[in-house]
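Note on naming: letters A, B, ... go to the chains in the order of the sequence lines (proteins, then strands), and numbering restarts at 1 for each one.
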Amino acid sequence: MGRTFRSAAGSLKPMKALVWHGTTDIRCDTVFDPTIEDGRDAIIKVTSCAICGSDLHLYDHFMPGMKAGDIMGHETMGEVVEVGKDNTALKVGDRIVVPFTITCGQCPQCRRGNFSVCERTNRNKPLGDAAFGHTTAGLFGYTHLTGGYAGGQAEYLRVPFADSTHIKVPDGIPDEHLLFLSDIFPTGWQGAVQCDIQPEDTVAIWGCGAVGQMAIRSAILLGAKRVIAIDRVPERLEMARAGGAEVLDYDAEPNIVARLNDMTDGRGPEKCIDAVGLEAHALGAVDAVYDRAKQAMMLETDRAHVLRQMIMVCRPAGILSVPGVYGGLIDKFPIGALMNKGLTVRTGQTHVKRWTGDLLRRIEEGQIDPSFVITHTIGLEDGPEMYRTFRDKQDGCIKVVIRP
Amino acid sequence: MSTMRHPYPTRPAPGRGAQAGHQELARGLGWFSIGLGLLELAAPRGLCRTLGLEGRETLVRSYGVREVATGVAILMSHDPTPWILGRVAGDALDLATLAQGFDGDREQRANLVAATAAVAGVTVLDVVCAQGLMADKRLSPPGRYDYRDRSGFPRPPRAMRGAAADFETPPDFRVPDALRPWRDDGAA
Ligand SMILES: NC(=O)c1ccc[n+]([C@@H]2O[C@H](COP(=O)([O-])OP(=O)(O)OC[C@H]3O[C@@H](n4cnc5c(N)ncnc54)[C@H](O)[C@@H]3O)[C@@H](O)[C@H]2O)c1
Ligand SMILES: [Zn+2]
Ligand SMILES: [Zn+2]
């Protein structure tokens, strides 16, 4: 909740952080430095952090569970400056990337590598149980449903369960190449891995934000025959093409489902990835207007336009992979098509640490450089403005890195 | 690691960095405001005598307060644009006040002409600065930036297809064999 550290006595120093105050109201405030609260903690001095599409769901306030005063941010890296007494895995001076999913490393889910559903790190377990039936992992800067932990868009970050929640990275590689191990690179990767890609596969990817871009590269690396990417922002489509995708502009193509069927001999893509999430946009489509209205009346929380397209167009026995975030309820869900076509649906917040060892090696070997996606580098004080620019996709903005 | 590229070039927030010239100008104008304001506060009588504006000392002192406040606001604020616009309005007031002094003696008139010219010059700078700040914040239309070189791959994407073939899909992420894709033999 970004405020717990204030209860700690002793000499509290001020630091700058991006703080959520309400719908589209994020400010660069002066708050207290975090302090060690538990023996497994560590404090890092943040050297780089990023703004994510997930943060936009909080900025626009479509995800429930934020409170005024919460510090934003879950894509963070930095240098360890303080370590709790029980944390033998880290020492002062270590350079780490912080996975956005907080993991205990010991519970049955963590032991299976299902880190994003760790059973112990959500300190607001009852809220998580109420919202999702069962608690999921604690997340940085991402609502009180997942623990209400202070985020990393700040000068310092307390990392709870830090002996397990970290990725050590070597010196000598710039932050830009490594930062996205915290979230979007493994998220795009898991989005593609969930498709269990075969050499014959056509993979259709909705959304060419940072997550979509990483999913495109991952699908290519994993050997997809064709990758078709869908968005409407010219710069994003161009970047998708640069990564090896054929692109569809949904502004220019009124019927994406028909077009995808045309491109695949009428059978549809074998694999579909939703890298858009609950703010899916649609031009004049009947269901889109319906969703927007119901969302406004609080009768549903999420817009499902992309999910519906995926279910309808996917080849029977195909796979839907959903890294795009949803928070609550949708309706007009074509369960008939989903069931009768025997589709497999794979979803989830990313099990970051499950993939990062392998992905770090691929970065070191030069197989991919995730920094291609960064369009803006700013200081914390420009954060509030850049949230708006990023949300509105202005100034060619695709990914913002903050250097506190 | 030898293959690692330098990170791709990035931009600062709109209105920052390379276009920071207008921000610098704004800071200069902020300091100028404070200097002039302090002078107006410290020596209103001398100023009025020099310019043939006797009897307007209180007014000049209030202008001094305005100048200092605006200057401090420019230097302290994250976005000085509204304060620079405020300066433009202040310049108009100054010019109107100076225009009232033209019935003084010959020496005062010469001083007044010089002062009016100076204020007019600063007004031009204020207008240029305000326009520049506003233009810097105007965002480019979509499609302006060229991302064609941003593949993230060391070789063309075609050559990267399947480069991660060494990756083994974990068993819990594998599709059950019965649902594995059919070999597409082209007999559609
Ligand atoms: N599963 C995870 O762990 C995880 C991690 C990070 C992000 N995410 C989620 O992934 C999603 C994408 O993140 P991002 O950072 O790329 O966000 P982003 O907002 O930058 O990108 C979303 C893109 O979707 C496009 N879009 C909107 N409506 C569309 C439609 N109908 N069809 C096709 N494209 C459409 C937008 O134009 C935009 O380019 C978000 O929902 C985010 O919360 C999930
Ligand atoms: Zn994220
Ligand atoms: Zn766990």
Side-chain angles (χ1 to χ4, degrees), chain A residues 112-113 172-174 176-177 193-194 196 198-201 213 217-218 220-224 233-235 238-239 241-244 265 267 270 317 319 342 344 346 354 358 362-378 381-382 385-386 389 392-396 398 401, chain B residues 1-17 78-79 137-186 188:
Chain A
R112 289 164 179 226
I173 305 177
E176 289 86 343
H177 296 290
V193 170
Q194 284 177 161
D196 192 11
Q198 305 299 310
E200 296 301 321
D201 283 348
Q213 301 290 345
R217 272 69 176 175
S218 301
I220 295 279
L221 288 174
L222 290 168
V233 183
E235 283 96 347
E238 195 179 79
M239 189 184 270
R241 201 180 281 119
D265 301 329
R267 298 157 127 187
E270 287 92 342
I319 299 180
T344 300
R346 301 217 55 148
R354 184 149 177 183
D358 181 51
R362 293 181 196 282
I363 294 171
E364 287 179 313
E365 288 173 359
Q367 197 174 83
I368 183 163
D369 168 11
S371 78
F372 74 86
V373 79
I374 309 172
T375 52
H376 291 75
T377 309
I378 63 165
E381 65 287 355
D382 286 328
E385 230 170 292
M386 280 315 287
T389 307
D392 297 340
K393 299 163 184 70
Q394 290 178 304
D395 203 50
I398 298 181
V401 169
Chain B
M1 213 183 304
S2 53
T3 47
M4 186 158 305
R5 304 177 41 144
H6 190 70
Y8 291 80
T10 65
R11 294 186 290 288
R16 294 268 167 188
H78 173 63
D79 177 9
K137 277 197 287 189
R138 215 163 291 140
L139 296 167
S140 56
R144 146 117 189 258
Y145 292 98
D146 183 355
Y147 296 147
R148 263 173 302 185
D149 64 339
R150 286 177 176 253
S151 80
F153 291 135
R155 293 187 298 284
R158 197 183 305 274
M160 297 305 292
R161 177 158 295 128
D166 59 325
F167 177 80
E168 231 176 278
T169 305
D172 57 329
F173 277 70
R174 275 183 49 124
V175 179
D177 278 339
L179 290 178
R180 289 211 149 229
W182 45 98
R183 290 273 154 254
D184 195 346
D185 48 19

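Side-chain contact check for Tyr147(B) versus Ile398(A): some heavy-atom pair is nearer than 4.5 Å. The shortest distance between side-chain heavy atoms of Tyr145(B) and Thr375(A) does not fall below 4.5 Å. Considering only heavy atoms from C-beta on, Asp166(B) comes within 4.5 Å of Arg362(A) through its side chain. Using a 4.5 Å heavy-atom threshold, the side chains of Met160(B) and Gln367(A) count as touching.
Within the 4.5 angstrom heavy-atom criterion, only side-chain atoms of Met386(A), from C-beta onward, approach chain B. Heavy atoms of Pro9(B) lying under 4.5 Å from chain A belong exclusively to its backbone. Looking at Glu381(A), the atoms closer than 4.5 Å to chain B (heavy atoms on both sides) sit in the backbone and in the side chain alike.
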Derivation of the side chain to side chain contact (heavy atoms under 4.5 Å, CB included) call for Thr10(B) and Val401(A):
CA-CA 9 Å; Thr10(B) 65; Val401(A) 169; over 6 Å; no
Run Leu221(A) and Phe167(B) through side chain to side chain contact (heavy atoms under 4.5 Å, CB included) and show every step you take.
CA-CA 9 Å; Leu221(A) 288 174; Phe167(B) 177 80; over 6 Å; no
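Residues Ala242(A) and Pro157(B) approach most closely at O-CG, 3.3 Å, considering heavy atoms. Across all their heavy atoms, Glu238(A) and Arg148(B) have their closest contact at OE1-N, 3.4 Å. Closest approach of Gly366(A) and Pro154(B) over heavy atoms only: O-CG, 3.1 Å. Taking every heavy atom of both residues into account, Phe372(A) and Tyr8(B) meet most closely at CA-CD1, 3.2 Å.
When the candidates Arg217(A), Glu385(A), Arg112(A) are compared by the number of heavy-atom contacts under 4.5 Å with chain B, Arg217(A) comes out ahead.
Scored by the side-chain contact (heavy atoms from CB on, under 4.5 Å) test, Arg354(A) finds Asn114(A), Phe115(A), His351(A), Pro170(B), Asp172(B), Phe173(B) as partners (sequence neighbours excluded).
Put simply, CZ on Arg241(A) and OG on Ser151(B) are 14.0 Å apart, with the number rounded to the nearest 0.5 Å. Here the CD1 atom belonging to Ile378(A) is positioned 12.5 Å from the CZ atom belonging to Arg11(B), to the nearest 0.5 angstrom. With values rounded to the nearest 0.5 angstrom, Thr169(B) atom OG1 is found 11.5 Å from Gln194(A) atom CD.
The closest donor-acceptor contact from the side chain of Asp395(A) to the backbone of Pro14(B) lies at 3.5 Å or more, if one exists at all.
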